[in-house]
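Protein chains get the first letters and strands the later ones, always in sequence-line order, with residue 1 at the start of each.
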There are 2 protein chains.
Amino acid sequence: MVRFLTSNAVALEARSDGLVDQTVRSIHDLIRGEKLQVGQALPSETALAVRLGVSRVVVREAFRSLAAVKLIDLGTGRRARVAAPDSSVLALTLDHSVHIDQTSVQQVLDVRRTIEMRTVALAALRRTDADAVRIATFARNMSDDFLNGERVMGHDIAFHEAIAAASKNPVFELLVGAFHVVTRQTWPIGWAARARDADRRAVIAFHVEIASAIAAREPQRAERAMAEHFDNSTKALLAAGIT
Amino acid sequence: MVRFLTSNAVALEARSDGLVDQTVRSIHDLIRGEKLQVGQALPSETALAVRLGVSRVVVREAFRSLAAVKLIDLGTGRRARVAAPDSSVLALTLDHSVHIDQTSVQQVLDVRRTIEMRTVALAALRRTDADAVRIATFARNMSDDFLNGERVMGHDIAFHEAIAAASKNPVFELLVGAFHVVTRQTWPIGWAARARDADRRAVIAFHVEIASAIAAREPQRAERAMAEHFDNSTKALLAAGIT
DNA sequence: ATTTATAAACATGTCCTACAGGTATGGTGA
DNA sequence: TCACCATACCTGTAGGACATGTTTATAAAT
C-alpha cells in the first residue's frame, strides 16, 4: 500500500481563533508526523503544554476533543495513546441526527439496506469457514430464543455484525456497527408490529436463508435474501407508524 | 496490514467512571430530555457546574467532547448551542483509519461505490430540475477546466456531492461528504495515472453520462454509469500502486 | 417614538496552583 | 528468578483570577 504522505490535516475546524483548536491540530500533526501507530503513547500533558507553549488546561481540552472522536485513548494515570477508530462516533452522530429530527428512521434503513446488500455479497465471497459457522449460529440462536424478544434482537445485531466482519472490509464494519444504535431503538417496534408468530418466524427465516446463502458462497442469493429482509422490516416499521 | 477495528456496543460513552464522562452523559440526556432543537442554547458552564455539582473545568471538558462530535457548537462569549450533525467527524475517522493503516484506499472505494450507486439511482428518481441543472453544470465545468487538475477535482467532488443532495437522504449526504477527505488525497494520483488525454476525457465522459441519466430520470442507466466510473477509477489507482 | 450609542452584566478562554489518586518502573528481599 | 513495594510520573478535579467577547438593558439622540 503506497503512502501519500501529504499529512495535510483534514479540515479539522479549519480556521480557529482558540488555542485549544490550534493545539488539537498540533497534536493531530504530531501523530501524522511521527507516524504513530495504534497503541503508541503521546507525550504527557505537561510535556505537550511546555512544548506548545500553552497551559495544561488547553492540552487537556485538546485531548478530550481527540478522544471524543476516538483518535486517542485516555486513561487515568496513563499517557494518551493513539486509538483505533470505532463505530461509536458515527453512531452518536446518527443517533443525534435522528433525535433532532434531521433524519428519519426510514432514511437510515435505506442506507443500511444499501450497505448490507453489499456486505452480505462480499461475505458470501470472502467468508472463512469460521465466519460461516458464526453467522449460522446467530441465526439459529434467534430461532432458539424465539420467545425472548430482547435476546432475539441481540442475536440479530450480532448476525449482521458478523456478516460485516466476514466482508473483510473494516469500513463496512464501521458503518454497520454504527447503525446498530438506531436499530436498538427501532427493533422492538418492528418486532411488536409483527404480532403473529408466523410473521416473526418469517423474520428468522430470512436470516437462516441469508446464512445459508453465505455458507453456499452464493452472493446473489445472499443479496436477494438481504434485500427481502430489509423490505420486510421497512414495511413492518411503516405499519407501526415509523416513517 | 494489521487491523484492530473494535466494533462494539456504544451509545453513550461506556461506563467509564470519571466525572467528565458522567457530565457528558448528563448533558446528552439534558438535550434529549428537553428535546432541544438545533440552535437552541444550553445552560452556561457555570450554571451546569453548579447544577451537576462539579467544577467548571469538568463541564468545559465535557463541552469540548460534545463539540468534537458536533453535538453542540461552542463560541467565545456565547452559550453552547445544539448543533446539526455534519460529515466532518466521520471524515476524520476515515482519514485517521487510512493513515493508521487500518483501512486501504481500495476498501474505501468499494464502500463509496456501493453508496454512490444508490445515491445516483435515488437522484435519478427524486431530483428536482434545479438538481439536474446543478449536476450537469459540474460535469460541464470539469470539461471546461480540463487542463487544470486541481479545478477538475473540485468540480468532481462537487458533482458527487450534488448527487448525494439530490438523493434527498441526509444520511447518504453525510457519508458521501465524509469520503471526500480521502478523495482529495487520492484523486490527484488517479489523475496522474491517466497520462493520456483520451483517458482523462473518458473520466469526464462518465460524469457527463451520469448527469444525462439523472436528467433523463433513468436510475438504472445512472447506476450503471456510476459503477463503470468507479471501476475505472479503481483500476487507475491500482495501476498507480494504490491498494 | 424609534433608532442608535453606550455601559453593565454575563459568558467563555486561558493561566496558575494545589492536591488526590491511578500507573508504571525499578530496586529490594526472599 | 520472582514477588513485592516504594517512588516518581501522570492524570483527574477543584478553585481562583483575569482578559476578552457577547448580549442586554439603559440612555442619548434624532
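- A donor N or O paired with an acceptor N or O is found under 3.5 Å between the base of D:dG12 and the side-chain atoms of A:Arg56.
- A:Asp101 has no carboxylate O lying under 4.0 Å from a charged side-chain N of B:Lys35, or vice versa, which leaves the two without a salt bridge.
- For the pair A:Leu74 CG and C:dG21 C1', the interatomic distance rounds to 17 Å; values are reported in whole Å.
- Checking side-chain atoms of A:Arg79 against main-chain N and O of A:Leu42 turns up a donor-acceptor pair under 3.5 Å.
- Distance, A:Leu48 CG to C:dC15 P: 14 Å, rounded to whole Å.
- Rounded to an integer number of Å, the gap from CZ of B:Arg60 to C1' of D:dG12 is 16 Å.
- Taking every side-chain heavy atom of B:Arg64 into account, C:dG13 is the closest of C:dG13, C:dC15, D:dT11.
- Residue contacts for A:Val58: at a heavy-atom cut-off of 4.0 Å it reaches the sugar-phosphate backbone alone, with no base atom in range.
- If you measure from atom CD of B:Glu45 to atom P of D:dG16, you get 16 Å, rounded to the nearest angstrom.
- Mapping A:Thr76 and B:Gly77 onto DNA chain C via the closest heavy atom, the residue that lands nearer the 5' end is B:Gly77.
- The pair B:Asp110-A:Arg118 counts as a salt bridge, with a side-chain nitrogen and a carboxylate oxygen less than 4.0 angstrom apart.
- Rounding to whole angstrom units, CZ of residue B:Arg78 and P of D:dT23 are separated by 6 Å.
- Comparing atom distances between the B:Arg79 side chain and each of C:dC15, C:dT12, D:dG12 picks out C:dT12 as nearest.
- As rounded to whole Å, 16 Å separates atom P of D:dT13 from atom CZ of A:Phe63.
- Listed candidates were D:dA14, C:dT12, C:dG13. Nearest to the side chain of B:Leu19 is D:dA14.
- Rounding to whole angstrom units, CG of residue B:Asp17 and P of C:dA20 are separated by 20 Å.
- Using modelled atom types, one side-chain atom of B:Gln106 and one backbone atom of B:Ile242 make a donor-acceptor pair closer than 3.5 Å.
- In plain terms, the two heavy atoms of B:Val38 and A:Gln102 that are nearest each other are CG2-OE1, 3.8 Å.
- Counting to the nearest Å, the C1' atom of C:dA11 and the CG atom of B:Asp73 are 16 Å from each other.
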